[in-house]
Amino acid sequence: MARLEGRMREIVERDEPISREVWDRLDAIDFFQSIGERYKAEIVRDLPKGETITIYKQGAFVDLCLGPHLPSTGKLGKAFKLLKIAGAYWRGDHRNEMLQRVYGTCWANEQQLKDYLHRLEEAERRDHRKLGREMGLFHLQEEAAGSVFWHPKGWVLWRAVETYMRARLDEGGYVEVKTPQLVDRALWEASGHWEKFRQNMFTTEAEGDKVLALKPMNCPCHVQIFRQGIRSYRDLPLRMAEFGSCHRNEPSGALHGIMRVRAFTQDDAHIFCTEDQIEGETRRFCDLLSSIYAAFGFKDFAIKFADRPPVRAGSDETWDKAEAALRRAIEAAGRAYVMNPGEGAFYGPKLEFVLRDAIGRDWQCGTLQVDFVLPERLGANYVGEDGQKHRPVMLHRAIIGSFERFIGILIENYAGAMPSWLAPVQVVVATITNDSDSYAREVLAALGEAGLRAEIDLGADKIGYKVREHSLAKVPAILAVGKKEVEARSVALRRFGSNGQEVLALDEAVRMLKAEGAPPKH
RNA sequence: GCCGCAGUAGCUCAGCUGGUAGAGCAACGCAUUCGUAAUGCGUGGGUCGGGGGUUCGAGUCCCUCCUGCGGCACCA
């Protein structure tokens, strides 16, 4: 890359003029073929008839390009840098050959380039893989590639997220269930997942010729619960939630820290409802989702509307109906969205709710999918007002998506400095000398009684050392106690990110920290 | 899975053309009782990712597998 960059600088230096020409299609094909540029020739060949074919020349270099280009190479300036080199499939199709792609960045001036590179470095500091290790939240190791070992502190964070989500679902009119991990392939064949995703499913054998699959998702299981007994239209909408542990054998190259793993837990739910209820349920879901995102500190998120994929289940009429229903619903919910053509699930169109990580990569977290197909395939029905059997519609939906991914994004969003309600340790009591130990224990007990996750540091180190240690651990609050505090029954509170401290009466500090450590109200 | 790069102590990294593995931080021990981001001294710690090969001798060279990283493809 250094050599490439050197050549680029020479070309910029030469300030070669760049000219645009329009060529005849056949001439262009012949020309590119003759110089061995068979990919360019292929592009020209595939361009629709009547398309203008533009050629840019720069010295002896002749290339096909839609343009526009700079008038001359010198106009590029010197504020550029090559960043990475990687393979990319020709025309984005993995069945094609792989070409080498060189990534670079270019800015109007050196300062902007420097700022950009600095931002990249800053982002690396937030990387959840680095912070997860440093903060002792979790680890990954090759004997369980793609599965997370959650450490005590990381699991506290997980539980805080789970407890909050459970409370919101309870309030939101959901019922919670738990379904099996190992399920006979017959069910996956019936749902259509076996045909489409068999190679990504972990399987095992039992009782001779039985093949069981570790569930890659929860929906078929939820339908089994729905099918127990006789459902009435009065039961709808039935919102069935599960913190469902799923396994998917993701391609090795897709794994990424805890964001893309092979074993994960979804905040999954399926809303069984009538067609008429789709709109109301979608609106209700969007409201719940945005309220929960806001509670976790995400004000901005994108919504994408993914419509029918090339390979799919269900008739075109069913898809027309499902897409129209979802479009009406999202529009009625008054949410802006962009299209994501052809990216729907195989059984229905979906809304994708997308959050962004520290280095600007987008991650789908929430989703809402309209499904007319699975209830049919798996034989779900209910008795309507008319006394006849009807098919329910299923809305597949998740808010945080997977706990693993969402926690990864949370860590990056806060750069590890979690708000108190999510922090593994909310407050540390640190003594200045051992004379204060017994009072410090009283302080710890008071914090514990208030339900705070508190730790105590009675070590023989200097207070400066303790402050540094717990600041690096990103603990939201440090309560220092020394002679003065013992006498006044007070504490010296230092908050994460602040250089000063305030001295407060013990009960006042406990009251304040308790309030700050509670999950957000909504 | 594909292309490229990488894997040395818990972490960050050094180790020249092959000659018995090193630093800082962390950990542990002892001393220090100190008022808001590092007290001092000492000690232990490695199948150099796994396997195979070349060589008198491999962390270093070759083959192969695994894992990770960056993209691509995939993502129910």
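Residue numbers begin at 1 in each chain, while the letters A, B, ... track the order of the sequences.
- A gap of 12 Å separates the C1' atoms of U60(B) and A21(B), to the nearest Å.
- G35(B) is unpaired under the Watson-Crick or G-U wobble criterion, no partner having all donor-acceptor distances under 3.5 Å.
- Between the base of C74(B) and the side chain of R260(A) there is a donor-acceptor pair shorter than 3.5 Å.
- Among the atoms of the strands shown, base atoms are found under 4.0 Å from some heavy atom of L472(A).
- Figure legend. G57(B) is base-paired to no nucleotide; pairs are counted as Watson-Crick or G-U wobble with both atom distances under 3.5 Å.
- Among the protein residues, A430(A) comes within range of no part of the nucleic acid, since none of its heavy atoms lies under 4.0 Å from any strand.
- Going from atom NZ of K483(A) over to atom P of U36(B) covers 14 Å, rounded to whole Å.
- A salt bridge is defined here as a Lys NZ or Arg NE, NH1 or NH2 lying under 4.0 Å from an Asp or Glu carboxylate O, and R91(A) with D93(A) fails to meet this definition.
- Across all strands shown, G70(B) pairs with C3(B); the Watson-Crick or G-U wobble distances both stay below 3.5 Å.
- What separates CG of N340(A) from P of C74(B) is a distance of 12 Å, to the nearest Å.
- Using a 4.0 Å heavy-atom distance criterion, K466(A) is classed as making no nucleic acid contact.
- If you check every strand for non-hydrogen atoms under 4.0 Å, A480(A) touches a base.
- Judged by distance alone, the side chain of S315(A) and the main-chain N or O of T318(A) form a donor-acceptor pair under 3.5 Å.
- Between H396(A) and Y347(A), the distance separating the two ring centers is shorter than 6.0 angstrom.
- Taking atom C1' on both nucleotides, A9(B) is separated from C13(B) by 11 Å, rounded to a whole Å.
- A centroid separation of less than 6.0 Å is found between the aromatic rings of H193(A) and F346(A).
- Within 4.0 Å of A86(A), counting heavy atoms only, lies at least one base atom of the nucleic acid.
- K462(A) comes within 4.0 angstrom of a nucleotide base, judged by non-hydrogen atoms across all strands.
- As a whole-Å value, the separation of H94(A) NE2 from C75(B) C1' is 13 Å.
- Note: CG (L255(A)) to P (G68(B)) measures 6 Å, nearest angstrom.
- Rounded to a whole Å, the CG atom of N200(A) is 17 Å from the P atom of A73(B).
- The residue K350(A) sits close only to the backbone: its heavy atoms come under 4.0 Å of sugar-phosphate atoms, none of a base.
- Annotation: F353(A) is not in aromatic contact with Y293(A) [ring centroid separation under 6.0 Å not met].
- Salt-bridge check for R377(A) with E195(A): failed, with every basic side-chain N at 4.0 Å or more from each acidic carboxylate O.
- With hydrogens and angles ignored, a donor-acceptor pair closer than 3.5 Å exists between the side chain of Y89(A) and the base of G1(B).
- Taking a centre distance below 5.5 Å and an interplanar angle below 30 degrees as the stacking criterion, Y465(A) does not stack against the six-membered base ring of A37(B).
- Between the CE atom of M135(A) and the C1' atom of C11(B) there is a distance of 16 Å, rounded to whole Å.
- Regarding M1(A), its CE atom lies at a distance of 13 Å from the P atom of G71(B), rounded to whole Å.
- Between H256(A) and the phosphate of C75(B), there is no side-chain N or O to OP1/OP2 separation shorter than 4.0 Å.
- Taking all atoms of both residues into account, the shortest heavy-atom contact from S490(A) to V481(A) is O-CG1, 4.2 Å.
- Across all strands, G464(A) comes closer than 4.0 Å only to sugar-phosphate atoms, never to a base (heavy-atom distances).
- Counting non-hydrogen atoms under 4.0 angstrom, R95(A) reaches nothing in the nucleic acid.
- Cation-pi contact between R327(A) and Y337(A): absent, since separation from the ring centre below 6.0 Å together with deviation from the ring axis within 45° is not met.
- Between the CG atom of D457(A) and the P atom of U33(B) there is a distance of 17 Å, rounded to whole Å.
- Put simply, the side chain of R91(A) and the base of A73(B) share no donor and acceptor less than 3.5 Å apart.
- Base pairing analysis places G29(B) opposite C41(B); the two distances defining the Watson-Crick or G-U wobble pair are each below 3.5 Å.
- The residue E469(A) sits apart from the nucleic acid: no heavy atom pair falls under 4.0 Å.
- Across all strands shown, G257(A) has heavy atoms under 4.0 Å from sugar-phosphate atoms exclusively, and none from any base.
- With contacts defined as side-chain heavy-atom distances shorter than 4.5 Å, the pair L395(A)/F285(A) does not qualify.
- Note on K304(A) versus E343(A): no salt bridge recorded, every NZ/NE/NH1/NH2 to OD/OE distance being 4.0 Å or above.
- Across all strands shown, G500(A) has no heavy atoms under 4.0 Å from either base or sugar-phosphate atoms.
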So which protein nitrogen or oxygen atoms get under 3.5 Å of nucleotides 8-10 of chain B's nitrogens or oxygens?
none

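- The base-pairing partner of C13(B), taking Watson-Crick or G-U wobble contacts with both distances under 3.5 Å, is G22(B).
- The base of G35(B) is paired with the side chain of E485(A) by a donor and an acceptor separated by under 3.5 Å.
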